[in-house]
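As structure tokens, the structure follows; a few thoughts come after it.
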Amino acid sequence: MHESLIELAESTTESCGVKCVVQMDGSVSMSDAGVETHLYRIAQEAVNNAIRHARASYIEIAVSSENGMLQLMVADDGTWKEPAENLRGIGL
């Protein structure tokens with residue numbers, strides 16, 4: 001997984017001009033390919049949202065393990081937009 005997230009970060013930096021980095025706790029191990037795929041896709045979607053909607057210039061992807069549970073964090077320096085009051089649907 002580490003390699004695929006690094007590739008995501010590098011391709012994001014190269015293609016979008018947005019600095020993207022990966023931090024991975026050394027104690028994280030993946031034994032389930034399905035979980036690994038889901039985490040990658042979640043990170044990929046969060047990175048895309050940070051670029052498209054928040055206009056981020058810096059994105060950090062971090063994977064860690066706490067109490068035996070995997071944690072994925074995607075943080076960016078983009079801007080937040082308050083949702084409209086009469087918004088319909090499931091997104092902002």
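Atoms considered below: every heavy atom in the structure, side chains included; atoms not considered: hydrogens, waters and symmetry mates.
In this structure, NE2 in H38 is found 13.0 Å from CG in L70, a value given to the nearest 0.5 Å. Note that the OH atom of Y40 and the CD atom of E7 stand 6.5 Å from one another [nearest 0.5 Å]. Rounding to the nearest 0.5 Å gives a distance of 4.0 Å between CD1 of I51 and SG of C16.
Side-chain atoms of R55 and T79, non-hydrogen and from C-beta on, do get closer than 4.5 Å to each other. With a 4.5 Å cut-off on side-chain heavy atoms, V21 and I61 do not count as touching. Looking only at side-chain heavy atoms (C-beta outward), I59 and V18 come within less than 4.5 Å of each other. The shortest side-chain heavy-atom distance between Q44 and L8 falls under the 4.5 Å cut-off.
L72 and L39 make their closest contact through CD2-O, 3.6 Å (heavy atoms, listed as atom of the first residue, atom of the second, distance). Of all heavy-atom pairs between D77 and Y58, the closest is OD1-N, 3.0 Å. In terms of heavy atoms, S15 sits closest to S11 at OG-O, 2.7 Å. For L5 against M24, the heavy-atom pair with the smallest separation is CD1-CE, 4.2 Å. Here the closest non-hydrogen pair linking V22 and A9 is CG2-CB, 3.7 Å. In terms of heavy atoms, D25 sits closest to S64 at CB-CA, 3.7 Å.
In H53, the NE2 atom is crowded: over 12 heavy atoms of neighbouring residues, nucleotides or ligands sit closer than 6.0 Å. Counted within 6.0 Å of CD on Q71, heavy atoms from surrounding residues, nucleotides or ligands total more than 12; the atom is thus considered enclosed.
Put simply, I6 and I42 are part of the same group of oily side chains (I, L, V, M, F, W, Y) that touch within less than 4.5 Å, one to the next.
Under the 3.5 Å distance criterion, the side-chain polar atoms of N67 are left unmatched by any main-chain donor or acceptor of M69. The backbone N or O of C20 sits nowhere less than 3.5 Å from a side-chain atom of T12 that would complete a donor-acceptor pair.
Residues meeting the side-chain contact (heavy atoms from CB on, under 4.5 Å) test with A54, sequence neighbours left out: D76.
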Q | Chi angles and distances behind the side chain to side chain contact (heavy atoms under 4.5 Å, CB included) call for E60, V74 | A | CA-CA 6 Å; E60 179 181 346; V74 180; over 6 Å; no
